[in-house]
Amino acid sequence: YSDLDDFSSALEEHKKALNIRQKLLGDHEDTAESHYEVGRTYRNLDYFSSALEEHKKALNIREKILGDNEDTAWSYFALGHTYNNLDDFNSALEANKKALSIREKLLGDHEETAWSHLELGFTYDNLEDFSSALEEHKKALSMREKLLGDHEDTAESHYEVGCTYSDLDDFSSALEEHKKALNIRQKLLGDHEDTAESHYEVGRTYRNLDYFSSALEEHKKALNIREKILGDNEDTAWSYFALGHTYNNLDDFNSALEANKKALSIREKLLGDHEETAWSHLELGFTYDNLEDFSSALEEHKKALSMRE
């Protein structure tokens, strides 16, 4: 059921397995596995507090029976992931460090160890410790390049290193990493959501470097893929929004107006009153300012203000 993304049915079945195993086996590896799967399914359903409770139960059994074991590491990893979902980043850091420590000891350079470096990177990102995040993402990348070569996971690590360089305002290094991620994704995936995301990030980084024509080209490529694959979607709206922003940078205010209206239309339909919708009203206001249509600009800025208040 989980493989079919039917997580409610999966949860029901995993709970039945758990009940039988608790009754027949008590604290046992199989019981721990059921707690783990119930927790994983709760997380897929965004029930993070319930997920945390189940992962703690799985960990308690695994530590008692198995000690430092690959399954114990998976429980710490799942705890770290769930603490991140709950915005408890210090607890996430502690759990992810424990998972990494076990994996380094048992596995050395391994895909699962790389996953732990990646998750630690995300946690440091959440804590806004970008230098530590960069270090962890680079370790994950180095391991994946060695073990996997050109692979979707390697592309993910290039992407995350790029994003962290952007957080550190090192846009030239960010651009280099995002281009590497894009090259791998184009080769392996073709027109795909991840390829579109890499075009988007390359475009965003070009814009941060004031290379607006190059940014425009990349944002158009991202939009083309997203419209084809996703239709009216939040990511498609972000592409229109980025196009509008870039057209404003290029003083093509009529094209900016068209793109920003499209982004706003999608966001109003999908999100209603929302931070991203407010951003669209704000950007439309800037565009009307640039066109010296100050009455329309005032109307849009007021809508953004009302939403934000």
Side-chain angles (χ1 to χ4, degrees), residues 1-3 5-8 10-11 14-15 18 29 31-63 66 68-107 109-130 132-141 143-144 147-148 151-161 163-164 167 193-194 197:
Y1 277 123
S2 288
D3 291 334
D5 293 339
D6 183 355
F7 299 119
S8 295
L11 183 63
H14 284 308
K15 282 184 173 181
L18 175 60
E29 288 180 56
T31 311
E33 181 64 19
S34 282
H35 280 299
Y36 178 86
E37 287 298 331
V38 170
R40 200 160 71 106
T41 311
Y42 272 131
R43 200 171 71 241
N44 286 326
L45 289 164
D46 293 344
Y47 299 151
F48 300 124
S49 296
S50 298
L52 188 69
E53 185 179 345
E54 292 300 322
H55 284 310
K56 283 181 176 179
K57 290 175 180 175
L59 176 61
N60 183 54
I61 296 171
R62 285 171 167 175
E63 282 192 311
L66 303 173
D68 283 354
N69 173 278
E70 287 183 52
D71 287 341
T72 309
W74 274 114
S75 281
Y76 275 114
F77 182 83
L79 272 178
H81 196 91
T82 309
Y83 277 127
N84 270 326
N85 292 135
L86 289 164
D87 295 339
D88 184 351
F89 304 131
N90 288 309
S91 297
L93 189 67
E94 183 181 349
N96 282 315
K97 282 183 174 180
K98 185 68 178 175
L100 176 61
S101 173
I102 296 171
R103 286 170 168 173
E104 285 181 321
K105 183 172 72 173
L106 297 181
L107 304 172
D109 284 357
H110 187 275
E111 287 182 58
E112 291 175 20
T113 312
W115 273 107
S116 279
H117 283 298
L118 186 78
E119 191 66 26
L120 258 178
F122 291 146
T123 308
Y124 280 123
D125 280 327
N126 288 330
L127 288 164
E128 298 185 4
D129 181 352
F130 299 123
S132 297
L134 184 64
E135 184 180 347
E136 293 301 324
H137 285 310
K138 282 185 171 181
K139 287 177 181 176
L141 173 60
M143 220 168 274
R144 286 171 162 179
L147 296 171
L148 304 172
H151 184 277
E152 288 180 51
D153 289 347
T154 310
E156 179 188 27
S157 282
H158 279 299
Y159 174 88
E160 294 302 336
V161 169
C163 289
T164 309
D167 289 328
E193 289 181 55
D194 291 346
E197 182 64 19

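Position 1 is the first residue of the sequence, and the numbers go up from there. As a basis for the values below, the full set of heavy atoms in this structure was taken, side chains included, without hydrogen atoms, waters or symmetry mates. From a predicted model like this one, the values you see are computed outputs, not experimental measurements.
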Worksheet item: What is the minimum heavy-atom distance between Thr82 and Ala51, and which atoms define it?
Response: CG2-CB, 4.1 Å

Response to the item:
Looking only at heavy atoms, the pair that brings Thr154 and Leu141 closest together is O-CD1, 3.9 Å

Discussion item. Is any side-chain heavy atom of Phe77 closer than 4.5 Å to one of Arg103?
Written reply: yes

Worksheet item: What distance do Leu120 atom CG and Trp115 atom CH2 have between them, rounded to the nearest 0.5 Å?
Response: 13.5 Å

Worksheet item: In a check of side chain to side chain donor-acceptor pair (under 3.5 Å) between Tyr76 and each of Glu63, Glu94, His55, which one passes?
Response: Glu63

Item to complete: Could you tell me whether a side-chain N or O of Arg144 sits under 3.5 Å from a main-chain N or O of Asp153, the two making a donor and an acceptor?
Response: yes

Worksheet item: What pair of heavy atoms forms the shortest contact from Leu18 to Glu54, and how long is it?
Response: CD2-OE1, 4.0 Å

Item to complete: Kindly say whether Lys97 contributes a backbone atom to a donor-acceptor pair with the side chain of Ser101 at under 3.5 angstrom?
Response: no

Worksheet item: Are side-chain heavy atoms of Glu197 and Glu193 found at a separation under 4.5 Å?
Response: no

Discussion item. Measuring from atom CG of Asp46 to atom CG of Asn85, what distance do you get when rounded to the nearest 0.5 angstrom?
Written reply: 7.5 Å

Practice prompt. State, yes or no, whether a side-chain contact exists between Thr113 and His117 at a heavy-atom distance under 4.5 Å.
Written response: yes

Item to complete: Find the distance between NZ (Lys105) and CG (Asp68) and round it off to the nearest 0.5 Å.
Response: 3.5 Å

Worksheet item: Do you know the tightest heavy-atom contact between Ala92 and Gly80?
Response: CB-O, 3.4 Å

Worksheet item: From Leu45 CG over to Ser8 OG, what is the distance, rounded to the nearest 0.5 angstrom?
Response: 5.0 Å

Discussion item. Rounded to the nearest 0.5 Å, what separates atom CZ in Phe48 from atom OG in Ser50?
Written reply: 11.0 Å

Practice prompt. State, with a plain yes or no, whether a side-chain heavy atom of Leu127 is found less than 4.5 Å away from one of Asn90.
Written response: yes

Response to the item:
In short, His81 meets Asn96 closest at the heavy-atom pair N-OD1, 4.4 Å

Practice prompt. Can you spot which of Asp167, Asp125, Thr164 makes a side chain to side chain contact (heavy atoms under 4.5 Å, CB included) with Leu134?
Written response: Thr164

Worksheet entry | Working for salt bridge (charged side-chain N to carboxylate O under 4.0 Å, His left out), residues Lys56 and Glu53 | CA-CA 5 Å; Lys56 283 181 176 179; Glu53 185 179 345; over 6 Å; no

Worksheet item: Is the closest side-chain heavy-atom distance between Asn69 and Arg62 below 4.5 Å?
Response: no

Fill in: Sole candidate of Leu100, Leu107, Ile102 that passes side chain to side chain contact (heavy atoms under 4.5 Å, CB included) when paired with Ser116
Leu100

Worksheet entry | Pairwise distance CD1(Ile61) to NZ(Lys57) - rounded to 0.5 angstrom | 9.0 Å

Discussion item. Please give me the minimum heavy-atom distance between Ser2 and Phe7, naming the atom from each residue.
Written reply: O-CE2, 3.7 Å

